[in-house]
Number of protein chains: 2
Amino acid sequence: MAKVEFNIACTLCDHLKDSLFNGLNPEDLSRINNHKTCIQYKKGQNIFYEGTRPTGLYCMNGGKVKVFKNNVQGKEFIIYIAKPGDFLGYRALLSEEFYQATATVLEDAKICFIPKESFFEVLQKNPTFMRRVVQAVCHEMGIMEEKLAELAHKSVRERLAANLLMLKESYGMEGEGSTLIELALSREDLASIVGTATETVIRLLSEFKADGLIAFEGKKIRVLDARKLAKQADLIIA
Amino acid sequence: MAKVEFNIACTLCDHLKDSLFNGLNPEDLSRINNHKTCIQYKKGQNIFYEGTRPTGLYCMNGGKVKVFKNNVQGKEFIIYIAKPGDFLGYRALLSEEFYQATATVLEDAKICFIPKESFFEVLQKNPTFMRRVVQAVCHEMGIMEEKLAELAHKSVRERLAANLLMLKESYGMEGEGSTLIELALSREDLASIVGTATETVIRLLSEFKADGLIAFEGKKIRVLDARKLAKQADLIIA
DNA sequence: CGAAAAAGATGACTTTTATCAGGTTTGATC
DNA sequence: GATCAAACCTGATAAAAGTCATCTTTTTCG
């Protein structure tokens with residue numbers, strides 16, 4: 001499973017508009033572009049490992065990557081799932097620490113690597129870009145605070161429902177009419193997102209299906225009744 | 001309970017050395033100093049509320065403040081506890097969002113307020129300071145990832161033990177010999193930190209006390225056997 | 001000081017969810 | 001297409017932790 005290089009100019013990248021690099025001046029973008037290395041990864045390959053030192057930033061061009069931590073007993077907790085346009089591994093890079101999580105490819109991915117020096121150079125030269133990165137990081141932190149409170153006080157059923165809705169929002173196709181979660185997640189991975197046992201996820205999914213809240217389409221899940229699901233998630237009272 | 005103003009020059013602040021303002025050039029520090037308002041708060045007073053818009057940054061000069069979210073049933077989850085030298089409310093300020101949490105005084109506090117404009121001005125003028133803020137925010141984020149994984153996969157007993165150790169580290173007195181947690185936490189607040197019910201915390205604390213792991217001194221807890229506590233937290237295998 | 005409120009403690013009970021053990025189905029590989 | 005592994009599913013059981021009710025102790029405050 002050798003790594004395969006590919007190359008797309010950042011200016012021509014389909015996902016530039018979704019990325020933090022969007023709005024960067026041509027000069028800085030070309031600096032990034034000239035120093036990047038783009039690699040195709042197969043499902044199951046690792047991008048980086050917990051405990052190692054970051055040497056640069058990963059920018060997703062295609063596919064899906066899970067970022068997770070392993071606990072002592074080997075159980076995974078998935079912190080987030082990166083999709084095209086997302087940065088990967090920026091937290092440890094910016095805090096100058098070791099990676100605290102491992103990144104593994106969920107769906108065949110194309111990922112560009114930008115060396116630390118180039119990224120930091122642009123960051124330092126360009127206060128507006130720095131400002132936007134800070135804003136994004138702090139927004140992300142808000143999401144994590146939300147997750148913490150959810151994990152602390154909601155039942156597994158509520159968390160599963162909430163996460164299905166979240167996945168629909170984040171990984172649904174363009175357009176509001178979309179209800180299919182464009183992510184071929186195993187039950188095990190879904191359990192690692194919700195923070196529960198695989199068996200529990202299986203049981204609850206069958207219940208949700210029996211109640212007409214969701215449907216299975218191949219390896220993917222379609223949200224049939226977002227409103228009822230939100231009720232299950234205790235997001236709306238009525 | 002009127003708010004009482006006080007004033008201490010930032011350059012003379014005892015906690016400057018623990019703060020992100022440490023190392024700031026005299027010019028920038030005086031800009032901060034000249035625009036700040038310092039207020040004394042009593043236990044129980046609120047600094048800011050979830051859902052409101054931040055207008056500046058709070059910098060702790062004394063006391064303790066809890067930052068928490070309320071869930072639908074009114075149960076609190078404490079995200080962190082700010083101590084002197086800490087910034088308060090910077091996440092929402094930097095992400096330009098509403099506060100997602102409420103801040104309430106745990107122990108009578110002295111807090112300086114720096115208006116958004118002054119803080120942003122220094123931030124923009126001073127790339128080194130910006131860099132340090134980013135680094136701190138990303139470090140904080142790493143701690144939250146850790147907490148997420150802990151909440152997802154550890155038992156209440158393990159989490160309580162881990163949190164007691166954490167509290168000892170963060171709120172113990174200076175010097176490594178210190179074992180007393182310098183925080184008068186109610187059982188209810190401790191439960192809100194661990195993410196469990198008050199009764200459960202009470203029961204587990206009695207067990208820890210019976211096993212000689214901790215002792216109560218007034219409203220405070222002393223860690224008697226950090227090693228055994230770490231074993232309870234499943235942090236060490238042996 | 002004394003009354004009221006808040007915090008702490010304990011017991012009984014129930015619910016939730018993890019775990020284990022055994023199945024079946026699906027999918028990849030030779 | 002046979003074989004093996006992985007993923008998925010189901011049921012039984014046990015443990016963990018929440019809830020509720022009650023009681024005691026401590027704190028607050030007029």
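Proteins come first, then strands; the chains are lettered A, B, ... in the order of their sequence lines, and each starts at number 1.
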Nucleotide dG8(C), atom P - distance to CZ of Phe216(B) in whole Å: 10 Å
Take atom CZ of Arg187(B) and atom P of dT24(D), then tell me their distance rounded to the nearest Å. 19 Å
May I have the distance from Leu185(A) (atom CG) to dA7(D) (atom C1'), rounded to whole angstrom? 14 Å
Taking CD from Gln73(A) and C1' from dC20(C), how many angstroms apart are they, rounded to a whole number? 16 Å
Answer yes when Glu182(A) and Lys83(A) have at least one side-chain N-carboxylate O distance shorter than 4.0 Å, and no when they do not. no
Checking contacts here: which listed nucleotide (dA7(C), dT19(C), dT19(D)) is nearest the side-chain heavy atoms of Lys219(B)? dA7(C)
Closest to the Ser206(B) side chain, choosing from dT19(D), dT10(C), dA18(C): dT10(C)
Side-chain N,O (Thr200(B)) to OP1/OP2 (dA17(D)) below 4.0 Å: no
Do the side-chain N or O atoms of Thr196(A) get closer than 4.0 angstrom to the phosphate oxygens (OP1, OP2) of dA18(C)? yes
For the residue pair Tyr58(A) and Phe113(A), is the inter-centroid distance of their aromatic rings smaller than 6.0 Å? yes
Considering only side-chain heavy atoms of Arg203(B), which listed nucleotide, dC20(D), dT17(C), dC8(D), is closest? dC20(D)
Quick one: do Asp108(A) and Lys42(A) make a salt bridge, cutoff under 4.0 Å? yes
For the pair made of CG in Asn71(A) and P in dA18(C), what is the distance, rounded to whole Å? 13 Å
Would you please test Leu213(B) and Val223(B) for side-chain contact (heavy atoms from CB on, under 4.5 Å) and show each step? CA-CA 6 Å; Leu213(B) 306 183; Val223(B) 173; over 6 Å; no
Here's a test of your reading of the structure: between Thr198(B) and Ser155(A), which maps to the more 5' nucleotide of DNA chain C? Thr198(B)
Between atom NZ in Lys43(A) and atom C1' in dA6(D), what is the gap in whole Å? 10 Å
For Arg157(A) and for Glu199(A), locate the closest nucleotide of DNA chain C by heavy-atom distance; then report the residue assigned to the nucleotide nearer the 5' terminus. Arg157(A)
Aromatic Tyr80(A) / basic Lys66(A) pairing, under 6.0 angstrom, 45° off normal: no
With a 4.0 Å cut-off on heavy atoms, is Lys75(B) in touch with a base, just the backbone sugar-phosphate, or nothing at all? sugar-phosphate
Nearest whole angstrom, please: distance from the P of dA7(C) to the CG of Leu205(B). 16 Å
note: Leu204(B), atom CG; dA16(D), atom C1'; distance rounded to Å ~ 10 Å
